[in-house]
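Taking it in order: structure first as structure tokens, then the write-up.
Quick note on labels: first sequence line is chain A, next is B, and so on, each numbered from 1.
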Amino acid sequence: MMNLFDIDAPALSAEQILFGWRDTPRLVAVEITDTEAILHQRAPDGSCTSWRERLTPWLLTTQQYTDIDAQWKRLDGDGFCWMAQFGSWTEYQSARMRLRDMHVDVIAYGSPERQFLMLSGYTLFKGMSFDDVHRMQVDIETVGLNPQEPANRILLVVLNDNRGWSEVIDDADEAQMLRRFAQLVCERDPDVIEGHNLYGFDLPYLIERARRHGLSLTIGRSGQPMTIGSERNLPIGAINRPYRPVYIPGRHVVDTYFAVQRYDWAKGDLQSYGLKEVARAYRIADEERVLIDRADLGEQWRSDPEKVRQYALQDAQETARLAEIVLPTEFYQTQMVPDTYQHVATAGSGEKINAIFVRAYLHAGYAIPKPQPARDYPGGYTEVRRTGVIPRVVKADVESLYPSIMLVHRIAPASDRLGVFLPALEELTRRRLEAKAELRRATDPRQRAYWDGIQGSFKVLINSFYGYLGANFPFNDFDAAQRVTEEGRKIAIQLVDALERTGSQVIEVDTDGVYFQPPEGVEGQEAEEAYVQQIAETLPPGIRLSFDGRYRAMISVKTKNYALLDYEGNWIYKGASLRSRADEPYGRQFIAEVLQKLVEGDRDGIARLYRQTILRILNGEIPIEELARRERVTEKTFTSENKRKAAEAVRGVSVGDYVNLYQRADGSLGMIEDYAGDEDREHYANKLYRFALRLREAIGEDFDILFPRPEQVIREQQQPSLF
DNA sequence: CTGCGCTGCTTACCT
DNA sequence: ACAGGTAAGCAGCGCAGT
């Protein structure tokens with residue numbers, strides 16, 4: 001048996017820190033028994049081989065607990081400096097329970113796959129591209145939404161894979177269908193199961209219907225059943241969504257419904273995450289898409305089963321194309337992170353970096369430090385210098401500002417005794433530049449997709465190194481994080497000075513980017529790029545400034561709130577006050593129209609639009625969908641005093657869902673599904689005024705003339721002779 | 001009693 | 001369980017003025 005600590009482990013190279021020290025290529029799964037790990041390897045011809053290795057579950061504590069039966073090892077350093085190793089997963093779990101009852105500090109990962117990969121130095125998918133693994137899409141169509149309702153049977157199951165195979169399973173006998181489903185999955189033996197809302201619908205539905213027939217869906221790689229795990233949280237940027245994962249031992253279950261939300265988080269392009277809408281937005285919908293209203297699927301199935309089959313197959317194929325957009329980043333990260341693809345696709349980026357660090361520390365026999373307690377520290381530099389309509393605007397930004405600062409100034413956590421932080425960041429940066437160069441060279445679409453996936457997986461990790469410093473992780477360091485932002489602010493100010501010294505008008509600076517109007521004489525893209533290059537040369541070594549866009553006009557409203565009009569006539573809105581998805585559509589529409597007229601200089605048009613909109617609201621001419629606001633139902637919705645009215649309206653809606661609420665004339669809130677012609681028109685007229693107020697700084701002195709209070713608009717309307 | 005400004009809490013956005 | 005900064009909405013409070 002391998003013993004990591006009795007011999008001096010050789011120091012890891014930067015590549016080994018990032019990818020693990022085992023070169024074994026093409027591992028597609030690690031499957032766990034009580035005492036063993038089964039490793040599955042897929043050869044280029046598609047055939048699979050497997051072998052077994054010993055599993056030694058482990059946990060870390062800050063002191064030795066001799067009454068816990070384990071092999072205890074002292075790690076070098078402070079913090080979590082004792083490692084307990086166990087002969088089986090059962091023994092590990094009972095020890096973990098005991099330590100939990102003792103309320104002692106412990107690092108104990110609940111996933112045996114992760115534990116095995118961390119200690120062994122293997123990672124999955126080495127040397128493989130996204131399409132090399134065997135991916136299967138699953139989609140089911142049912143009579144209803146509740147599988148417990150006896151009549152709500154599964155009508156059909158569609159299976160599709162990336163080897164050009166598909167099958168639609170339907171049968172008058174539901175049990176027979178379920179058996180066929182399990183048989184086909186086992187025969188085809190996929191590595192990855194993909195689906196849209198798999199965790200929330202298809203897989204739990206299959207499990208429940210099988211249970212009703214006394215069947216167990218044994219579709220694991222070695223014939224184990226599919227199971228539902230306990231509730232976890234999916235980090236989607238700053239918010240968390242509770243969900244219950246489904247596990248199929250030896251395969252990776254990935255849900256494109258979750259993946260697309262993570263993918264869209266920073267972009268915010270999508271209004272809805274339903275498969276049809278997403279497929280349309282990403283232009284991957286079938287050209288001859290069959291559409292069916294799911295409410296009467298049972299009826300459709302009776303009258304035109306072929307149409308339903310076609311519809312379901314298109315769903316599965318669209319899911320496959322969606323996966324190719326939203327999942328490669330997570331797939332290629334799995335080549336680095338000691339965890340399964342399924343976990344990588346649902347873990348936060350800080351957690352992934354942490355797993356890489358901890359793996360390297362344990363390999364060296366080093367202890368894992370305790371995290372520093374949280375404290376606040378200042379962040380990026382933000383300033384608005386001009387508001388209103390500004391023509392001929394250029395955007396320049398510093399590429400990878402914080403990672404560059406960490407590399408140039410050698411800023412790393414003080415607790416990083418082994419020195420993995422900067423080498424890992426350096427290696428990621430170097431490899432990303434390489435991948436981007438390959439991407440530029442490649443012409444074959446598959447090659448391009450591969451290099452783009454690779455560089456994207458590096459980018460996400462690179463951008464998370466700074467955030468890691470200021471979060472609750474073992475190697476956090478708030479002093480280091482503060483030095484990074486301090487240096488960033490200096491550079492931003494230096495940039496502004498250089499621009500203004502050379503005759504530019506700076507409009508807005510935010511952290512690492514600046515919008516400005518270049519000096520007279522700098523006309524056209526070529527001249528603008530040369531000018532940015534000239535400014536770039538005034539910045540410190542290792543800090544790269546680049547041209548990042550040019551606009552016919554910018555309407556600067558408030559910090560982090562502005563609209564851009566490009567030279568093709570497209571608008572880009574930035575900031576919550578201009579583009580919040582929560583805002584009432586009529587207000588967003590109003591703001592968009594005002595901005596358009598503002599850039600055209602049509603002030604009279606703005607005044608007319610405002611008055612007409614108020615009158616349309618008061619006359620009930622605006623549909624309720626335009627008046628309602630979108631809200632996310634959270635735990636807080638039901639516990640916070642601020643949300644009392646909303647809580648009453650959304651009773652029965654589950655946490656995590658979005659609802660559309662409108663205000664009734666009696667002041668209460670209602671869901672638009674229950675709309676009864678009782679909206680509070682006065683409230684919506686006043687709200688329009690508040691939308692206008694958001695643009696006050698951009699409008700300037702005319703504001704009160706263009707936007708009188710709604711009461712006054714009404715008075716003028718009643719005395720038309722005065723207007 | 002009403003209206004106003006303030007605080008605290010929450011969400012949604014930007015880099 | 002990557003970060004801080006900004007805008008905006010709502011409820012509740014105290015205060016001033018009626």
Worksheet item: Roughly how many Å is it from CZ in Arg375(A) to P in dA3(C), rounded to a whole number?
Response: 14 Å
Item to complete: Would you please confirm or rule out a distance under 4.0 Å between OP1 or OP2 of dG9(C) and any side-chain N or O of Arg694(A)?
Response: yes
Worksheet item: dG9(C) P sits how many Å from His683(A) NE2, rounded?
Response: 10 Å
Worksheet item: What is the distance from CG of Asp512(A) to P of dA3(C), rounded to the nearest Å?
Response: 18 Å
Atom pairs, N/O to N/O, protein against nucleotides 6-9 of chain B, distance under 3.5 Å?
from, atom 1, to, atom 2, distance (Å)
dG8(B), N2, Asn642(A), ND2, 3.0
dC9(B), O2, Asn642(A), ND2, 3.3

Item to complete: Mind calculating the distance between CG (Leu428(A)) and P (dC2(C)) to the nearest angstrom?
Response: 17 Å
Item to complete: Measure across Ala698(A) and Ser556(A) and return the closest heavy-atom pair with its distance rounded to 0.1 Å.
Response: CB-O, 3.7 Å
Fill in: Between Tyr468(A) and Asn476(A): side-chain donor-acceptor atoms closer than 3.5 Å
no
Worksheet item: Are side-chain N/O atoms of Thr62(A) and Asp105(A) paired as donor and acceptor at under 3.5 Å?
Response: no
Discussion item. Does either side chain, that of Tyr381(A) or that of Glu383(A), offer a donor lying less than 3.5 Å from an acceptor on the other one?
Written reply: yes
Practice prompt. Let me know the distance between CG of Asp510(A) and P of dA3(C), rounded to the nearest Å.
Written response: 18 Å
Fill in: Separation of atom CD in Glu383(A) from atom P in dA7(C), rounded to whole Å
12 Å
Fill in: First encountered from the 5' end of DNA chain C, between Thr382(A) and Ser464(A)
Ser464(A)
Worksheet item: Which part of the nucleic acid does Gly467(A) contact within heavy-atom distance under 4.0 Å: base, sugar-phosphate only, or nothing?
Response: base
Worksheet item: Once you round to the nearest 0.5 Å, how far does CD1 of Ile543(A) lie from CD1 of Ile491(A)?
Response: 4.0 Å
Worksheet item: Hey, are Asp339(A) and Tyr109(A) close enough side-chain-wise for a donor-acceptor pair under 3.5 Å?
Response: no
Fill in: Flag for Gln342(A)-Thr340(A): side-chain donor and acceptor within less than 3.5 Å
no
Worksheet item: Taking only residues two or more places apart in sequence, or in another chain, which ones meet Arg630(A) in a salt bridge (charged side-chain N to carboxylate O under 4.0 Å, His left out)?
Response: none
Worksheet item: For DNA chain C, what residues of residues 546-562 of chain A have any heavy atom nearer than 4.0 Å?
Response: Lys558(A), Thr559(A), Lys560(A), Asn561(A)
Worksheet item: Rounded to the nearest 0.5 Å, how far apart are CG of Leu706(A) and CZ of Arg696(A)?
Response: 11.5 Å
Fill in: Nearest-Å distance for atom pair OH/P, residues Tyr402(A) and dG4(C)
10 Å
Worksheet item: NA contact type, Phe465(A), heavy-atom cut-off 4.0 Å: base, sugar-phosphate, or nothing?
Response: nothing
Discussion item. How many whole angstroms separate atom CD1 of Ile491(A) from atom C1' of dT15(B)?
Written reply: 15 Å
Item to complete: Sorted by first residue and then second, give each salt bridge (charged side-chain N to carboxylate O under 4.0 Å, His left out) pair with at least one member in residues 463-475 of chain A; sequence neighbours left out.
Response: none
Discussion item. Does dC10(C) have OP1 or OP2 under 4.0 Å away from a side-chain N or O of Arg690(A)?
Written reply: yes
Worksheet entry | Arg96(A): partners by salt bridge (charged side-chain N to carboxylate O under 4.0 Å, His left out), with sequence neighbours left out | none
Worksheet item: Taking DNA chain B as the partner, which of residues 578-594 of chain A come within under 4.0 angstrom of it by heavy atom?
Response: Arg579(A), Ser580(A), Arg581(A), Ala582(A)
Item to complete: Would you mind classifying the nucleic acid contact of Phe473(A) as base, sugar-phosphate or nothing, using non-hydrogen atoms under 4.0 angstrom?
Response: sugar-phosphate
Discussion item. Is a donor from one side chain sitting under 3.5 angstrom from an acceptor on the other, for Arg681(A) and Gln663(A)?
Written reply: no
